[in-house]
Amino acid sequence: MSEEQVVQDEALGAQQGIEQGAYSFPSIEARWPAVWDELGVFTPRDDGTRERRYVLDMFPYPSGDLHMGHAEAFAMGDVVARYWRLKGYDVLHPIGWDSFGLPAENAAIKRNAHPAEWTYANIETQAASFKRYALSLDWSRRLHTSDPEYYRWTQWLFLRFYERGLAYRKNHPVNWCPKDQTVLANEQVVNGACERCGTPVTKKALNQWYFKITDYAERLLDDMTELEGHWPERVLAMQRNWIGRSEGAHVRFTIEAEGPQPEREVTVFTTRPDTLYGATFFVVAADAELASELVAPGQAQALSEYQDRVKALSEIERQNTDREKTGVFLGRYAVNPLNGEKLPVWAADYVLAEYGTGAIMAVPAHDQRDLDFAKAFGLPVRAVLDTGEEDPAVSGVATNGEGTIINSGPLNGLSKAEGIAKAIEIVQDAGTGEGTINYRLRDWLLSRQRFWGAPIPIIHCPVDGEVPVPDDELPVRLPDDLRGEQLAPKGTSPLAAAEHWVNVTCPRCGGPAKRDTDTMDTFVDSSWYYLRYLSPDYTQGPFDPEAARRWMPVAQYVGGVEHAILHLLYSRFFTKVLKDMGLIDADEPFAALMNQGQVLNGGKAMSKSLGNGVDLGEQLDTYGVDAVRLTMVFASPPEDDVDWADVSPSGSAKFLARAWRLGQDVTSAPGTDPSGGDRALRAVTHRTIAEAEELLDAHKFNVVVAKTMELVNATRKAIDSGPGGADPAVREAVETVAVMLSMFAPYTAEDLWAALGHEPSVANAAWPQHDPSLTVEETVTAVVQVAGKVRDRLEVAPDISEDALRELALSSQNVARVLDGRGIRTVIVRAPKLVNIVPA
RNA sequence: GCCCCAGUAGCCCAAUCGGCAGAGGCAGCGGACUUAAAAUCCGCUCAGUCAGGGUUCGAAUCCCUGCUGGGGCACCA
């Protein structure tokens, strides 16, 4: 018996299994998964016969079972995947797990186990839940980032980045979470606290690995223009903000010799070179090496005490912008290259070591922070910009807007913009500066002192220094004999304790050497997983470049807005590097992005601490998969939050039963020509199809559900009190309902499709073509307004001429009565819908 | 403090180009069916669009101001 035959027989069996009468979601849910698997409905053909579309949901982290948030996000992605499949695209919709990460490690410590045990057990639980949830996924491409066959390629990519100078190590003060005992990227510090556990972050100087994402700042920013209109505007805004491009100038100031200290140059970054003449002092970041280098011997003690005070502050205190300005004079003077003026050099914590050059020229008259500092230490304030506002020295309010430049020699009389251009010209000619662009973006700190991640494939040799692990020795596997307490955070990586693992011979000189004991940030794993799906078994590289050419970029990416910066920025960075390596053609990984909203309960995010969580499994048991999915989609537009207390899964279940019952009332045979069917119902059907297409393209899924409900209502009416269930239009309508529902309620739709006498799967049905001749109204209601108020309605032909409509409107009794003899000033005609008569 | 988004029936939400404020659902009310109830079916009620001003023949829609809610950034020179 052929495989096809088996499938058909099973489908037939399923069809016969449908009982007349009640809609019962448990039996429907039991009927179809095996059929879908058998048919391979959701495996892309990848043979070029159809246009390819790649739909991707952000892959889950395996912490316990799926929750309501997953249910929402994946329901949305599945609508897109299923819609595109109906439209005839070859859809790739894969799934996998982001399975490295801290929670697994913490669980392992608690249970004296290996993180893999907890991780893979949770993955199996989630996989089963995904299958129950009837997502149209291609399971054959499943991946887990913690599999050696996956992280082998994460390590391979690290080495390619290393070769290109994009991965490097430096000793530097970094964000440190005292609780998780690991470093954090800037992106993982929220309001001075650890994004994950909320512990206030401290600074610690450590030798750490970085990716040089700053090399790509400009492209990351510029290429956003091609995402415009396809990504949520706020995500683009957040990324722009994070990259933080600002135009200005580098200006070199000479620091005069002082005692044993020689003369040297220090560069500042400023966005306002037009105010150079207003500089009255000079400030370097207190925590930068520069401060210690510059300080005159007599002030060294004072600086050191100040630095201790600054270090004692938590990041939260430090970031409080209301704080009094503090600082210490360094006993040195900087020479303003424009006017030769000597400016005292101070160290202060309001200047950030990380931004610009870590040194600024202070222009108190036109910068509020500088002004606050000047006031605190009695430094002079000189206005060089006349903005018409009160003198900042008097008002205490810095004037930073537009104005005319004064007290500034060659810049006098110029506007702000002219002054900036002129000042840059002057310093450039003098060789003391140049126009430049500065970015707020910092390099990505990727090393972590934790166990459950991809080991950094570097060997440290006392002779050869950093030596990359040769490609053919990848993956550098995690040792599998560390468990429980051995994994506990101690400030250095737990891997350091695995001596048999750490001690190796140097690949270059053969001498004794040690492995790098840090692991990579899990965001490295997730920065390229969308490529691995394209050729999950490929062994010649992280992915088959040919497959990437066929499928990239992702046509629709779906996920939460919480990744607006982190994951999405990193993935964009990886894509650009891979393009530079010639491995892919795409500049951007995700052509379109949809952020689904959160699922709330009673106005609040669900959380354990609030005790207001709604259990997904219980919802599925009570209302059925389809009702939960439909509720998610129908509640609001995808990007809006859904408050589970405001919606009605029981209502959804009722509707699905109502739709399903239609199938039992269709008495015509499959394949019946609808053309002789009830005209009114056909009009509703075809209008629904036409509207649904536009609405789906605009992601207004909730409205598509509403339109489907209308069609169900109209069909019910046609059956009960219209032409009856034998009318061919009724079959056409119910078939359309089945196709529409297949995007939101796959089980019910499949059952309905079978009840109509069709072979599975409805997911393979073609998108119905709407017939425009059926959607044309025979008459339309034209509204007649007098002075904007509706005074009459006329039934007219849709193609009525303006003149004819004007005539009709003007002869209306109601209009004459309202006008009451007044003259007419003008008549606006918008045929065929409206006439507005404006009285004199 | 700065920036962005959103405010439409009791509630969730619709409303192409500026053209009848209402598609759908929840809740509520009434009716049919039933010995009764559930389920099902049918029907009904409900706002003038956060407030104020402007543009327009005409504004939920465009502009300005404010209020409320949500989000982002926050000593970034």
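Below, chain A is the first sequence line, B the second, and so on; all start at residue 1.
Nucleotides of RNA chain B nearest to A:Tyr350 and A:Glu710 differ in position, and the one nearer the 5' end is that of A:Glu710. Mapping A:Ala359 and A:Asp646 onto RNA chain B by nearest heavy atom places A:Asp646 at the nucleotide closer to the 5' end.
Across all strands, A:Gln368 comes closer than 4.0 Å to no nucleic acid atom at all (heavy-atom distances). Residue contacts shown for A:Val268 are absent, as no nucleic acid heavy atom lies under 4.0 Å away. Using a 4.0 Å heavy-atom distance criterion, A:Glu694 is classed as a base contact. Among the protein residues, A:Arg440 comes within range of the nucleic acid bases, having at least one heavy atom under 4.0 Å from a base atom. Within 4.0 Å of A:Ser652, counting heavy atoms only, lies no atom of the nucleic acid at all. In this structure, A:Ser636 reaches the sugar-phosphate backbone alone: every heavy-atom distance under 4.0 Å involves primed, P, OP1 or OP2 atoms, never a base. A:Ala237 comes within 4.0 angstrom of nothing in the nucleic acid, heavy atoms only. Residue-level contact check: A:Arg442 touches the bases, meaning some heavy atom is under 4.0 Å from a base atom.
For the OP1/OP2 pair of B:C12 and a distance below 4.0 Å, the side-chain nitrogens and oxygens of A:Asn702 include no atom meeting the criterion. For the pair A:Ser246 and B:A77, the criterion of a side-chain N or O lying under 4.0 Å from OP1 or OP2 is met.
A:Glu691 places its CD atom 12 Å from the P atom of B:G24, with the value rounded to the nearest Å. At whole-Å resolution of the value, CD1 in A:Ile828 and P in B:G18 are 16 Å apart. Following rounding to the nearest Å, A:Glu247 (CD) and B:A77 (P) show an atom-to-atom distance of 12 Å. Summarising the geometry, the separation between CE on A:Met709 and P on B:C26 is reported as 7 Å, rounded to the nearest angstrom. Rounding to whole angstrom units, CG of residue A:Asp641 and P of B:C5 are separated by 17 Å. Nucleotide B:G19 holds its P atom 20 Å from the CZ atom of A:Arg806, rounded to whole Å.
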What's touching nucleotides 40-43 of chain B from the protein side, N or O pairs under 3.5 Å?
unit_1	atom_1	unit_2	atom_2	d
B:U40	O3'	A:Arg661	NH2	2.9
B:C41	OP1	A:Arg658	NH1	2.5
B:C41	OP1	A:Arg661	NH2	3.2
B:G43	OP1	A:Lys717	NZ	3.4

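Within 3.5 Å, no donor on the side chain of A:Arg234 pairs with an acceptor on the base of B:G71, nor the reverse. Side-chain atoms of A:Asn836 and base atoms of B:C57 include a donor and an acceptor less than 3.5 Å apart.
Nucleotide B:A59 is matched to nothing when pairs are restricted to Watson-Crick or G-U wobble geometry with both distances under 3.5 angstrom. B:A74 is unpaired under the Watson-Crick or G-U wobble criterion, no partner having all donor-acceptor distances under 3.5 Å. Look at B:U65: its Watson-Crick or wobble partner, with both distances under 3.5 angstrom, is B:A51. Summarising the base pairing, B:C33 is matched to no nucleotide, lacking a Watson-Crick or G-U wobble pair whose two defining distances lie under 3.5 Å.
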Dump the intermediate steps for side-chain contact (heavy atoms from CB on, under 4.5 Å) on A:Val328 and A:Gln307, then the final yes or no. CA-CA 9 Å; A:Val328 59; A:Gln307 286 172 328; over 6 Å; no
Begin with the C-alpha distance, continue with both residues' side-chain angles, and end with the deciding distance and a verdict on side-chain hydrogen bond (donor to acceptor under 3.5 Å, both in side chains) for A:Ser24 and A:Ser27. CA-CA 6 Å; A:Ser24 153; A:Ser27 63; 3.3 Å; yes
